[in-house]
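For reference, the structure is listed below as structure tokens.
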Amino acid sequence: MNIYGRTFDSRMMIGTARYPSPAIMQAALAAAQPALVTVSLRREAAGDKAGSAFWALVREAGFPVLPNTAGCHSVAEAVTTAHMAREVFGTPLIKLEVIADSDTLQPDVFALVEAARILCNEGFEVLPYTTEDLSVCERLAEAGCNVLMPWGAPIGSGLGLNNRYGLKALRARFPDHCLIVDAGLGVPSHAAAAMELGYDGVLLNTAIALAGDPVLMARAFAEAVAAGRRAFEAGAMEPQELAVPSTPVLGRGFA
């Protein structure tokens with residue numbers, strides 16, 4: 001997986017929220033071996049000692065950090081949070097979220113494009129959380145985003161890929177962009193399905209953090225992502241409407 005010139009062996013990114021304990025979070029990260037670990041940064045926690053200790057704990061896990069503007073509802077808020085994140089973590093990478101609706105956590109695509117344009121012009125390497133809408137993704141690409149992260153389903157819902165057709169069309173429209181399914185994956189088979197569509201990676205959090213055994217689930221997702229990618233590279237057979245015998249009938253005896 002290539003993200004703004006950085007190459008990663010893993011094709012999975014994992015969030016750091018809602019784990020039963022910091023120790024379980026670290027064990028889950030170790031089991032998954034993700035490319036990047038996302039961390040949410042909010043203004044109110046910028047100087048908080050507990051927040052600083054948590055960020056240090058994440059860094060101790062040894063994985064590159066992807067700061068996140070989660071919870072932002074305006075362009076100004078997202079841009080300010082991104083600047084703070086760059087200062088705290090020392091990376092130009094930013095997962096850009098601008099939320100429109102508190103119930104579905106759907107992106108505000110208009111504010112998202114505006115914020116992406118501002119941040120790209122300021123030297124950020126933006127990974128925007130967006131819908132699978134082609135026109136929105138085209139505007140994000142025009143703004144300078146080399147990575148696009150459409151949702152599979154609403155954040156934390158675990159519904160999987162709600163619009164396989166839309167995601168497949170997006171992959172066809174942007175063959176040279178890094179595409180990552182972000183949000184809504186609930187079980188490893190959802191991640192495998194995304195990879196079988198040709199996506200470069202997946203980003204998830206809740207499905208691992210709230211599992212009965214987060215460490216085992218993290219390992220299961222990692223295996224599913226790898227299997228799905230191998231299946232895509234192998235080339236799947238075309239579906240058939242009728243049965244096609246695998247055993248030839250040539251030479252079969254007739255009464």
Side-chain angles (χ1 to χ4, degrees), residues 1 3-4 6 8-74 77-99 105 107 112 115-116 119 122-130 145 147 149 151 155-156 178 180-185 201-211 214-215 217-218 221-222 225:
M1 181 171 63
I3 296 177
Y4 289 99
R6 300 169 178 82
F8 301 93
D9 293 332
S10 172
R11 294 181 176 273
M12 184 167 63
M13 293 182 272
I14 298 181
T16 53
R18 307 186 69 182
Y19 288 87
S21 71
I24 291 178
M25 178 196 71
Q26 286 189 314
L29 294 180
Q33 292 293 304
L36 294 163
V37 173
T38 63
V39 178
S40 176
L41 176 67
R42 299 303 309 277
R43 274 200 299 261
E44 60 267 28
D48 183 75
K49 292 183 179 179
S52 298
F54 173 75
W55 298 330
L57 186 67
V58 172
R59 283 194 290 266
E60 286 176 8
F63 301 101
V65 172
L66 174 63
N68 191 350
T69 66
C72 293
H73 289 77
S74 70
E77 189 179 13
V79 170
T80 299
T81 302
H83 278 277
M84 293 173 61
R86 182 164 65 178
E87 182 176 346
V88 169
F89 294 106
T91 176
L93 290 171
I94 190 74
K95 180 191 172 188
L96 179 62
E97 291 187 24
V98 186
I99 301 301
L105 299 181
L112 180 69
L119 292 174
E122 292 179 345
F124 284 87
E125 296 170 346
V126 179
L127 291 78
Y129 161 64
T130 182
C145 297
V147 178
M149 300 206 300
W151 64 353
I155 293 173
C178 178
I180 297 166
V181 171
D182 177 13
L185 304 181
V202 299
L203 194 159
L204 65 150
N205 185 172
T206 309
I208 293 177
L210 298 189
V215 178
M217 186 62 77
F221 265 100
V225 168

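Across all their heavy atoms, Ala209 and Pro20 have their closest contact at O-CD, 3.6 Å. Taking each heavy atom of Met217 and Ala211 in turn, the nearest pair found is CB-CB, 3.7 Å. Heavy atoms only, all atoms of each residue included: Ala82 and Phe124 are closest at O-CE2, 3.4 Å. When all heavy atoms are compared, the tightest approach of Ile3 to Cys178 is CG1-SG, 4.2 Å. What you find for Thr69 and Ala78 is that their closest heavy atoms are CG2-O, 3.7 Å. In plain terms, the two heavy atoms of Ala31 and Ala218 that are nearest each other are CB-CB, 4.4 Å.
Side-chain atoms of Met12 and Leu204, non-hydrogen and from C-beta on, do get closer than 4.5 Å to each other. Residues Met13 and Lys95 fail the side-chain proximity criterion, which asks for heavy atoms closer than 4.5 Å. Side-chain contact between Ile14 and Leu29 is present, with heavy atoms from C-beta onward closer than 4.5 Å. No side-chain heavy atom of Leu203 sits under 4.5 Å from any side-chain heavy atom of Leu127. Proximity of Leu66 to Phe89: side-chain heavy atoms (C-beta onward) are nowhere separated by under 4.5 Å. Between Arg86 and Ile94 the shortest side-chain heavy-atom distance does not fall below 4.5 Å.
Atom CG of Asn205 and atom CG of Leu185 lie 11.5 Å apart (nearest 0.5 Å). Distance check: Thr206 OG1 to Tyr19 OH gives 9.0 Å after rounding to the nearest 0.5 Å. To the nearest 0.5 Å, the span separating CG on Leu119 from NE2 on His83 amounts to 6.0 Å.
Looking at Tyr4, its side chain never comes within 3.5 Å of a backbone N or O of Cys145 through a donor-acceptor pair. Counting only distance, with no hydrogens or angles, the side chain of Thr16 and the backbone of Thr38 share a donor-acceptor pair below 3.5 Å. Remark: the backbone N or O of Tyr129 is not paired with any side-chain donor or acceptor of Asp182 at under 3.5 angstrom.
Atom CZ of Arg6 is surrounded by more than 12 heavy atoms from other residues, nucleotides or ligands within 6.0 Å.
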